[in-house]
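The block underneath contains the structure these notes are about, expressed in structure tokens.
Note that these values count all heavy atoms, side chains included, but never hydrogens, waters or copies made by symmetry.
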Amino acid sequence: MAISLALDGLNPQQLAAVTHHQGSMLVLAGAGSGKTQVLTTRIVWLIKENNIGINEILAVTFTNKAAKEMLHRVATQLNIDTKFMWIGTFHSIALRFLTKHYKEAGLPSFFHILDSQDQLNLLKRIVKKANLDETSCSTKELQKFINYQKEQGYRAADLQANNLRHEMSINLYREYETICNNDGLVDFTELLLRSYELFSTNQNILNLYTKQFKHILIDEFQDTNQLQYKWLQLIGGKCLNVFAVGDDDQSIYSFRGAKALNMQAFLQDFNVKQPIRLEQNYRSTSNILNAANAVIDNNCNRIGKKLWTTKNDGNKIKLYEGYTEEDEAYFVVDEIKSLYQSGLKLSSIAILYRSNAQSRILEHFFYTQGLAYRVYGGLRFFDRQEIKHVLAYLRLIKNTSDNEAFLRIVNVPARKIGAKTIEGLQTIAATENVSLFAACKMLDGKAQNCLLQFTNLIHTLQQQCMNQNLTQIINSIIELSGLRQMYLEDKKNSIERLDNLNELVNAVTNFKVEDGQDLVATFLAHAVLESGDGQAQKYDDSVQLMTVHAAKGLEFDTVFVVGLEDGLFPHENCLNQENDLEEERRLMYVAITRAKSELYIIRACSRLIWGKRISAPISRFVNEIPGELINNISGISKIGKNNLEEFNLSGANSNNWISEDRTTNVETKISRIQLNDQDIFLKIGDMVEHVKFGKGKILNLNIDGSKKTAEIFFIGIGKKVLDLTIAKIEKI
DNA sequence: GGCAAGTCTATTTTT
DNA sequence: TAGACTTGCC
């Protein structure tokens with residue numbers, strides 16, 4: 001029996017969690033402790049052993065990736081069609097409620113979900129319309145304000161101004177609400193707030209679901225915010241079988257409202273006497289785990305747990321101290337090359353960094369070394385302009401009141417409908433209380449013809465919608481709107497954008513919905529809620545580059561954590577606040593615990609930040625790892641082991657940031673040198689190859705009349721001063 | 001519509 | 001500082 005086999009593999013704590021009977025439970029699941037296995041096995045156990053119906057379980061996750069993984073595992077263990085199961089992200093579950101009860105929720109039957117960028121664009125227009133500028137009213141701040149209020153459960157009408165600025169924000173919030181209601185738009189937080197309000201004001205509907213759901217399971221509980229918690233209290237309050245899994249040590253999203261304190265509140269509100277602790281780690285070697293434990297031990301605000309393993313010590317953690325960010329990147333890529341040559345798969349290696357900007361230099365070295373890599377993050381498929389344009393046409397076809405969609409595409413491709421015409425339309429729309437689309441027919445003047453052509457286009461597409469499938473509709477949009485032609489003529493990124501349009505057609509063709517669902521609405525929601533992975537090239541075997549945040553929930557054989565300097569990791573903005581510093585430390589904990597067998601921790605003694613060369617002390621988190629777990633391999637630097645002494649990198653041990661003025665830094669000096677009858681350009685920091693000494697790095701250049709010399713560090717040899725008029729070197 | 005000049009922004013990000 | 005993005009001008 002598959003089910004008993006699944007239980008056989010569990011340790012006592014995991015078994016207790018999986019088979020927990022009555023009442024709510026909190027599971028404190030450490031990194032690598034088999035959390036997902038526990039959640040999915042519990043779902044299977046509930047269905048198979050306790051006769052719980054597949055639609056009587058609600059399982060909520062934070063990311064689509066986690067939801068998919070859960071569905072996949074449940075499907076394989078139960079061999080059932082999981083499409084009727086209530087497994088999904090908070091947002092997709094909320095959407096499901098709202099779609100079903102749109103009338104009670106006060107929504108039109110066809111509403112569109114705004115992503116963060118759409119929300120920001122709309123707010124920009126609102127701010128502009130109110131005759132405010134960025135300096136007096138930052139739209140990003142306004143976005144934060146509105147989302148925060150919604151997360152607290154407040155509508156604009158609930159708020160009372162306590163100063164002028166506050167009053168302005170509230171008024172703009174009110175205006176935003178009005179526009180969203182008129183145009184049928186719902187932002188991310190609105191999905192949650194509106195479904196919360198649906199339940200709190202509509203007892204019948206609430207009863208329907210509190211009766212239906214016998215068991216509720218929540219993953220990554222430490223990431224829940226205030227609204228999600230209140231939502232859960234409403235819907236899970238009567239079921240009393242709420243099973244929450246989380247790890248307070250991996251709470252890294254408090255900057256966007258996550259409250260790890262919800263875990264403590266949960267114990268009380270849901271009457272959990274004794275939480276279950278999963279502390280056995282199945283992922284990392286003992287050395288790696290001990291390092292993680294030692295670091296996180298420095299945090300005061302924790303529920304407290306200690307991970308252990310039966311695994312061997314494994315290798316020590318390798319510490320490499322480069323002298324610049326280039327040295328750091330060079331070392332990492334070179335080391336990965338050796339690992340690859342010794343048989344390691346590239347896809348089992350990850351490079352983790354604190355901020356996205358750090359990937360650039362690494363990418364450069366990967367590129368020059370010809371190693372396959374993949375960067376996570378960045379522009380996602382459904383966020384690309386060409387895709388958003390097509391989807392905006394689709395939105396407008398389905399809902400001509402969607403003014404945001406209208407504004408996006410009315411002049412894309414260009415149809416001579418400029419800012420003045422749009423202003424005219426907006427005036428008519430406001431006075432006549434109609435949509436911009438409807439206003440097109442009312443505007444007289446020069447642009448009338450252009451507007452007519454546009455509205456005719458939309459009408460034609462609407463006609464086609466009646467008797468075409470979605471693939472045909474998307475194709476029609478791309479052709480008839482002129483988008484394909486526009487991108488054909490595009491000088492930049494033409495091929496890429498056309499490829500993406502084709503990819504969109506494929507995505508639509510493969511998209512399936514359940515009976516009774518509105519295909520277009522569902523597809524549009526899918527595009528917003530699951531905008532998909534980064535568009536980085538997918539090689540079968542490539543090194544994975546990502547931020548530590550993005551790495552949560554993943555594991556790799558070999559992990560390089562780079563940029564371990566005070567000011568970068570922990571980030572400068574977090575150094576002064578103890579709470580912030582603790583969150584940074586949790587981030588470090590997440591980074592370390594991603595590694596299964598090999599962990600490299602790396603820092604640069606000096607780094608170019610915002611045009612200034614900064615020398616920062618090594619990250620305090622590195623110092624929190626016991627010395628006996630670390631093997632400092634800086635001595636085998638590919639660029640020369642004496643670098644650190646030679647450069648007298650005082651910053652390495654100082655507690656303050658030392659900033660050197662870039663103008664006095666010789667690194668920018670570029671000299672033209674006559675060499676082998678060929679002109680080459682050399683500057684400090686360049687890598688060169690010498691016939692006899694091999695690879696090296698230029699440390700200094702001395703150009704004095706006809707005398708041209710360079711100080712170069714050669715790998716494994718050390719520093720040499722060479723006469724550039726004779727020396728046989730080549731730039732590499 | 002295209003190009004040059006000017007402006008902005010550098011912490012993390014899922015939905 | 002540098003790159004992305006926006007604005008302004010012809």
Side-chain angles (χ1 to χ4, degrees), chain A residues 60-67 88-95 113-119 124 133-135 138-140 143-144 147 150-151 186-193 219-220 223-225 227-228 251-258 352-361 376-380 382-383 385 411-416 418-419 486 489-492 525-534 546-553 563 567-575 580 583-584 586-588 590-591 607-614 659 661-663 665 667-668:
Chain A
V60 195
T61 64
F62 271 82
T63 63
N64 291 303
K65 199 161 60 181
T89 61
F90 269 104
H91 293 82
S92 68
I93 298 277
L95 173 65
I113 304 165
L114 286 183
D115 66 25
S116 313
Q117 194 55 51
D118 291 340
Q119 184 188 33
K124 266 185 192 158
D133 59 5
E134 268 296 311
T135 43
S138 139
T139 36
K140 277 209 172 135
Q143 187 181 32
K144 261 195 207 161
N147 291 340
K150 287 190 179 191
E151 269 166 26
V186 170
D187 63 46
F188 285 135
T189 321
E190 183 72 25
L191 284 171
L192 298 172
L193 178 56
D219 192 12
E220 304 277 10
D223 288 337
T224 48
N225 65 29
L227 184 56
Q228 286 158 336
S251 160
I252 53 175
Y253 285 110
S254 73
F255 70 93
R256 61 166 199 235
L352 309 183
Y353 34 78
R354 179 66 180 83
S355 62
N356 279 315
Q358 287 170 262
S359 75
R360 186 171 295 150
I361 184 149
Y376 285 77
L379 201 54
R380 297 139 178 270
F382 285 105
D383 291 339
Q385 65 153 351
N411 200 34
V412 178
R415 335 188 143 81
K416 299 191 170 139
M486 181 180 101
E489 289 163 13
D490 197 357
K491 282 182 197 131
K492 260 190 349 200
H526 164 82
V528 182
L529 289 177
E530 300 174 43
S531 50
D533 264 333
M546 64 190 86
T547 62
V548 184
H549 283 90
K552 196 167 81 156
L568 190 61
F569 194 180
H571 193 267
E572 196 182 7
N573 299 357
C574 306
L575 292 179
D580 292 345
E583 177 141 326
E584 291 288 301
R586 291 193 290 272
L587 204 49
M588 180 67 178
V590 169
R607 183 181 296 274
L608 205 56
I609 294 177
W610 302 349
K612 285 201 163 176
R613 186 147 289 283
I614 304 285
S659 139
D661 191 340
R662 184 149 168 75
T663 53
N665 190 319
E667 196 166 29
T668 51

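Residues that satisfy the side-chain contact (heavy atoms from CB on, under 4.5 Å) test with A:A525, not counting sequence neighbours, are A:L95, A:I113. When the ring-ring contact (aromatic ring centres under 6.0 Å, His included) test is applied to A:F90, the partners found at least two apart in sequence or on another chain are A:F62, A:W231. Partners of A:H549 under the ring-ring contact (aromatic ring centres under 6.0 Å, His included) rule, at least two apart in sequence or in another chain, are A:Y253, A:F255. Every side-chain contact (heavy atoms from CB on, under 4.5 Å) that A:E151 has, sequence neighbours left out, goes to A:T189, A:N225. Residues meeting the side-chain contact (heavy atoms from CB on, under 4.5 Å) test with A:T63, sequence neighbours left out: A:K65, A:A66.
A:N64 has a side-chain polar atom (N or O) that falls below the 4.0 Å cut-off from OP1 or OP2 of B:dT15.
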Please write out each protein N/O paired with an N/O of nucleotides 10-12 of chain B under 3.5 Å, distance rounded to 0.1 Å.
| from | atom 1 | to | atom 2 | distance (Å) |
| --- | --- | --- | --- | --- |
| B:dT11 | O4' | A:H571 | NE2 | 3.4 |
| B:dT11 | O2 | A:R354 | NH1 | 3.4 |
| B:dT11 | O2 | A:R354 | NH2 | 2.5 |
| B:dT12 | OP1 | A:N356 | N | 3.0 |
| B:dT12 | O4' | A:R354 | NH1 | 3.0 |
| B:dT12 | O2 | A:R354 | NH2 | 3.1 |

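Remark: C1' of B:dT15 and CG of A:D219 are 15 Å apart, rounded to the nearest angstrom. Atoms CG (A:D383) and C1' (C:dA4) sit 17 Å apart, rounded to a whole Å. Atom CD in A:Q228 sits about 12 Å away from atom P in B:dT15, given to the nearest Å. For A:Q385 and C:dA4, the CD to C1' distance is 14 Å, given to the nearest whole Å. Between the CD atom of A:Q117 and the P atom of B:dT15 there is a distance of 17 Å, rounded to whole Å. In this structure, A:D115 places its CG atom 13 Å from C1' of B:dT13, rounding to the nearest Å. Computed from coordinates, the A:Y353 OH to B:dT13 P distance equals 9 Å when rounded to whole Å. One atom, CG of A:D118, and another, P of B:dT15, lie 16 Å apart when rounded to the nearest Å.
A:N411 contributes a side-chain N or O that, together with a main-chain N or O of A:K416, makes up a donor-acceptor pair within less than 3.5 Å. A donor-acceptor distance shorter than 3.5 angstrom exists from the side chain of A:Q143 to the backbone of A:S116, with no hydrogens or angles considered.
Among the atoms of the strands shown, none is found under 4.0 Å from any heavy atom of A:R586. Using a 4.0 Å heavy-atom cutoff across all strands shown, A:S116 reaches at least one base atom of the nucleic acid.
B:dT12 and C:dC5 are spaced 15 Å apart, taking the P atom of each and rounding to whole Å.
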